[in-house]
Amino acid sequence: MLRLWRLLYSLPLRLRSLLHRDQVEQELDEELNFYLDERIAHEIAQGRSPGEARRIAHQALGGIEQRKEECRDQRGTQWIENFTADLRHGLRSWQKTPGIWALATLTLGLGIGANATVISIVDKIYNRPFAGLNQETDRVLRLGKASSSDTRNTVTLDDYLAWRTAPIFDKIMGYKAVEYVMSGVGDPERIVGQAVSPGFFSTLGAKLVLGRFPLDVEHQPEGARVIILSHDYWQNRFAGSPAVLGRTIRLDGISFAIVGVAAKEFWFPSVQARFWTPLLLAPTPTSHKDPVLQVIARLKPGIGASEAGSALAPISLDLERRFPDTHTGMRTQILQLFDGFYSQDDRKVIVLLYLISGGILLIACANVANLLMVRGLARQREMSIRIALGAARSRILAQSLTEGLLLALPALGFSTLAAHLSSSLLLSQVRVPFPVDGPVLDPHYLLLNGLIALGSIFLFSLYPAWAATAIQGDASNRNTLGRGTQRATSSLVVVQVALGLALVMTAILGVRGVEVLLNLDPGYDRSRVLQAEFYPSRRSEASDTAMHQMHQRLLDRSAASSEFQSVGLISPVPVTSAGDGIPTRISSLNQQLSVKDSPQAHYGVMSAGALETLRIPLLRGRAFTTADTATTRPVAIVNQKLGEQLFPGEDPIGKSIRVAALGGGTFEIVGLYPNLDRENTIRGPVSQFFVPFGQAPRRSMQWVGRFRTETAGIEALRAAARDVDPEAPLEVDSLTHRHFEELQNSRVLIYLISAFAVLALFFGGCGIFAVVSQTVSQRLPEIGLRMALGASGGRIGKWVVGSGFRLLAFGSLIGVGAGLLLGSLLATQLVKVTPYDWQVILPSALSFVAVGLLACLAPALRASRTDITRVIRQD
Amino acid sequence: MSKPTDLVQGTLDLLLLKIVALDPLHAWAIAQRLKQVSGDVLQVSDGSLYPALHKLEQAGWISAEWKQTESGRRAKYYALTAPGRLELDRETLKWDRLSEAITKVMRIEEA
């Protein structure tokens with residue numbers, strides 16, 4: 001209180017000394033003069049002569065200017081005056097070296113910007129995808145089941161219902177993906193959504209723009225069937241009309257009433273979810289065999305994971321007793337929310353991105369440090385003089401800090417702009433399974449980066465000042481860096497070169513890797529092939545036989561079209577992420593088939609014509625024909641790997657296998673095909689086989705056709721599909737496009753790394769340039785002397801280039817090592833590339849050497865054209 | 001010229017506040033009044049007077065005003081502010097306690 005009151009008196013004074021500085025100064029002068037005059041008058045009155053009185057008075061005051069300075073120091077505004085003076089001085093001194101200023105600002109801005117972009121995006125994509133689950137994340141967990149041999153994050157409805165009785169959960173909810181053919185509004189269409197348990201929306205903190213959440217009764221079989229639409233789907237399909245509430249749509253022929261529309265920002269578990277329907281909480285005799293639910297729970301406050309584990313143990317035992325066939329040995333597994341959400345490979349990408357962006361910031365800081373130290377040298381004379389004239393050490397340091405600020409603030413501004421633009425661009429290119437609305441750029445990271453950069457600037461702009469003050473007023477005139485400083489700048493360049501080279505190596509490796517992926521011969525011919533998903537409209541009512549017949553009819557109709565060279569049905573198409581097929585245990589006929597010990601293979605289903613359409617060459621035997629039907633002998637074609645695995649050294653044709661997934665049935669091998677390479681996998685080929693559609697049909701099959709012209713092909717296929725089922729939606733795409741999309745994220749990653757590599761090259765070049773040109777100006781007298789003694793300009797130039805080259809060579813050596821390390825991380829994302837490859841190492845090293853030599857060129861030229869007479873006159 | 005008694009650390013502010021509390025004075029008069037009231041014992045050096053006055057002014061304990069002297073010259077007169085009055089009371093109390101304590105210590109009879 002008293003403080004405020006005092007401020008009433010002191011504040012106007014301070015403002016006055018800031019704003020009316022001249023007047024305040026004049027008053028100070030007048031006041032001191034008045035005092036002196038009074039004192040002189042006093043001394044004269046004491047009987048002294050005017051001269052002596054004057055002398056005594058001045059002596060007593062002890063220097064008018066000193067007293068004035070002491071009074072000024074009392075004002076409390078002195079620091080502002082000092083600061084503005086420093087600012088003016090700083091601006092002037094940067095004006096003298098605009099090149100260094102621009103380079104340092106650019107470097108730092110790009111470095112901070114690049115790092116903030118990557119960290120923000122990684123964080124947005126990988127670390128916090130679930131908007132509603134971000135609060136109190138330590139209490140939110142995923143529940144799965146584990147046996148001694150495996151852990152899975154999907155559970156059965158019966159597991160979920162049992163867990164609901166546990167008293168430790170605040171909330172517990174489950175959900176599963178469902179897909180339907182939607183009809184009743186415009187053209188029929190396949191849509192995917194989620195069947196969700198009670199508590200789903202409240203756990204996620206979902207909001208609706210229209211209507212209500214599902215009622216509890218709607219989770220029971222006797223309740224009404226209702227649906228909540230996603231905001232996007234509502235906008236696109238229903239034109240955002242509020243009249244949708246109460247409307248009925250048909251999903252696979254069953255009527256659902258629309259009761260709500262989710263808010264724009266709500267999505268879960270992926271942006272592809274176009275609707276949510278209540279999950280029916282009615283276990284069936286087989287539901288305990290069907291692990292389809294994902295379960296997320298929120299613990300009650302004060303309950304830890306270990307308490308939760310012990311509370312759930314008796315529930316697991318009870319389930320084991322009720323379902324001995326499926327639940328024996330199954331325990332409840334508490335998983336982190338994001339367990340299983342991202343693969344090990346994704347994690348490696350994250351680590352790689354962090355390393356690279358951190359490296360870029362490090363290089364940028366090293367670069368700026370270098371520039372500042374080199375510049376600081378030129379200022380050492382100035383600082384020594386100022387110290388000699390009595391400047392306080394603190395003032396010199398404050399001055400250096402102010403100059404650092406003049407560098408850091410524009411750099412921060414520039415980096416914000418750069419990061420904002422680049423992160424928006426990147427996010428628009430990357431494919432993620434959820435929306436990434438809102439501000440992409442996290443200001444926290446920008447701030448953090450800014451602090452790191454500011455720190456490094458201050459540190460390195462202080463260094464020259466500190467070095468100068470350490471001399472303690474020795475007004476040394478020599479324009480030389482101390483040995484320590486020189487070593488510091490040199491090692492900074494080595495660090496820059498090493499990190500930069502590592503980045504360039506990684507980038508080249510990445511570019512080669514994506515090239516390999518794009519041009520990989522997958523073992524089949526994906527060009528000029530259409531792939532289509534055909535969804536009969538009344539699927540839920542249709543029997544398996546009816547479904548198979550519809551697929552067969554689509555195949556027959558399209559085969560009749562002249563637009564296709566060949567057509568076929570296959571599941572799965574090799575190009576997709578699930579392209580390997582369904583895993584199953586198999587055995588040769590003469591071995592026991594056991595679910596635990598038999599070898600594992602993946603299998604798919606294909607019709608006659610599919611092999612031909614995909615141009616998968618048969619190594620031996622025959623392809624499936626229309627003669628392979630349910631009434632003929634079951635047959636299969638196997639890939640090389642499976643053939644060698646089951647019948648090493650023998651011809652598999654004519655042998656038989658038993659397949660656990662197909663009821664332990666026996667299939668005779670009639671054909672052998674080469675291993676198919678799946679582009680987006682790094683595991684190498686799997687053991688795989690196909691069985692004929694005529695003998696083991698699936699409800700869901702993909703149609704493939706080799707077209708003559710793409711648009712006409714699509715039209716012909718649509719016409720064929722309308723003939724089979726006019727209400728059935730059809731999704732058509734070309735395999736080349738599918739393949740391109742599958743590789744999109746890898747491509748973005750490579751662009752990103754390449755951009756960083758270019759930055760690193762640029763920074764490295766700048767660093768070498770700064771140090772070498774510094775060496776040249778520092779050694780100008782020596783160079784002059786050498787030339788005077790007869791050294792030619794060319795010889796001097798070579799000597800300068802050599803000094804840069806030594807740093808380059810040393811940095812490159814370390815850089816190759818670091819590049820091998822980084823590259824190994826990236827190699828896990830790619831196939832058939834390794835950093836231990838001269839075609840990767842050599843171009844990287846050469847590019848750096850080229851940039852480095854280029855950076856040495858200008859200083860070398862300058863040195864070789866040294867004017868001897870000028871150098872000699874200089875000192 | 002005999003050296004005046006060194007002021008106890010920090011007491012200069014107290015003395016200055018006390019002197020301007022009676023009536024507004026300019027710096028020279030403050031120095032003279034201090035010398036006179038203390039019977040020539042306390043004397044503030046010309047060098048330390050001004051920084052001290054400016055410090056008290058900046059702190060808001062005293063305020064300054066330019067006025068005519070009897071001789072017709074312009075001079076800066078310092079006066080106590082309301083918060084300065086509180087500060088003076090507080091400092092006086094502190095001083096009383098301190099001097100009393102010192103007096104007690106000094107009066108201990110040697111056994």
Side-chain angles (χ1 to χ4, degrees), chain A residues 1-18 23-43 45-46 48 52-79, chain B residues 1 3-4 12-13 16-17 20 25-36 40 43-91:
Chain A
M1 197 56 223
L2 190 64
R3 273 191 97 79
L4 270 174
W5 197 11
R6 276 166 55 196
L7 222 56
L8 212 66
Y9 294 91
S10 57
L11 204 61
L13 277 178
R14 288 183 192 197
L15 282 178
R16 194 158 168 265
S17 48
L18 266 187
Q23 202 182 336
V24 172
E25 280 298 310
Q26 190 221 315
E27 281 179 7
L28 181 62
D29 198 49
E30 191 179 342
E31 190 182 7
L32 284 170
N33 275 326
F34 172 76
Y35 185 89
L36 266 181
D37 291 347
E38 290 290 310
R39 177 86 198 230
I40 291 165
H42 175 77
E43 294 297 335
Q46 299 278 316
R48 303 196 198 270
E52 192 167 358
R54 179 163 219 85
R55 193 184 58 78
I56 287 175
H58 274 278
Q59 203 177 31
L61 203 59
I64 270 203
E65 280 309 314
Q66 226 168 319
R67 294 289 89 75
K68 276 187 183 171
E69 198 54 38
E70 282 170 10
C71 290
R72 286 185 199 121
D73 281 347
Q74 301 300 335
R75 279 180 203 157
T77 54
Q78 195 60 28
W79 65 272
Chain B
M1 205 164 113
K3 219 174 151 79
L12 178 59
D13 289 357
L16 292 178
L17 285 179
V20 299
L25 290 173
H26 54 74
W28 170 251
I30 291 171
Q32 290 307 110
R33 179 73 62 89
L34 182 61
K35 199 169 148 195
Q36 178 195 340
D40 283 355
Q43 193 173 335
V44 55
S45 77
D46 297 4
S48 42
L49 180 62
Y50 272 99
L53 280 175
H54 279 249
K55 188 178 87 191
L56 292 175
E57 188 189 4
Q58 290 293 335
W61 303 136
I62 59 178
S63 64
E65 200 186 347
W66 287 89
K67 279 200 271 196
Q68 299 276 328
T69 62
E70 296 111 30
S71 58
R73 274 191 73 169
R74 243 163 66 89
K76 201 174 175 188
Y77 280 77
Y78 291 95
L80 203 63
T81 64
R85 167 77 57 194
L86 285 180
E87 173 74 2
L88 176 60
D89 292 349
R90 223 169 28 198
E91 287 300 314

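Each chain gets a letter, A, B and so on, in the order its sequence line appears, and its residues count up from 1.
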Do B:Q32 and A:E38 make a side-chain contact, defined as non-hydrogen atoms from C-beta onward lying under 4.5 Å apart?
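Heavy-atom side-chain distance check fails, nothing below 4.5 Å.
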
Report yes if some heavy atom in the side chain of A:E31 is under 4.5 Å from a heavy atom in the side chain of B:W66; otherwise report no.
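Yes - at least one pair of side-chain heavy atoms lies under 4.5 Å apart.
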
Proximal component of [X], with respect to chain A [non-hydrogen, under 4.5 Å]:
{"X": "B:L49", "value": "side chain"}
{"X": "B:A31", "value": "side chain"}
{"X": "B:S48", "value": "neither"}

What pairs meet the salt bridge (charged side-chain N to carboxylate O under 4.0 Å, His left out) rule with one or both residues in residues 66-75 of chain B, with sequence neighbours excluded?
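Those involving residues 66-75 of chain B are A:E30-B:R74, A:D37-B:R73.
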
What are the two closest non-hydrogen atoms of B:Y50 and A:Y35, and how far apart are they?
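In this case the closest contact between B:Y50 and A:Y35 is OH-CB, 3.1 Å.
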
Pairing residues for B:K55 by the side-chain contact (heavy atoms from CB on, under 4.5 Å) criterion, not counting sequence neighbours
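Partners of B:K55 under the side-chain contact (heavy atoms from CB on, under 4.5 Å) test: A:Q74, B:D13.
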
Rounded to the nearest 0.5 Å, what separation is found between the NZ atom of B:K76 and the CG atom of A:L28?
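Reported to 0.5 Å precision, the distance equals 7.0 Å.
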
Residue selection (most heavy-atom pairs with chain B, distance under 4.5 Å) from A:H42, A:K68, A:E27:
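Answer, by heavy-atom pair count under 4.5 Å with chain B: A:E27.
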
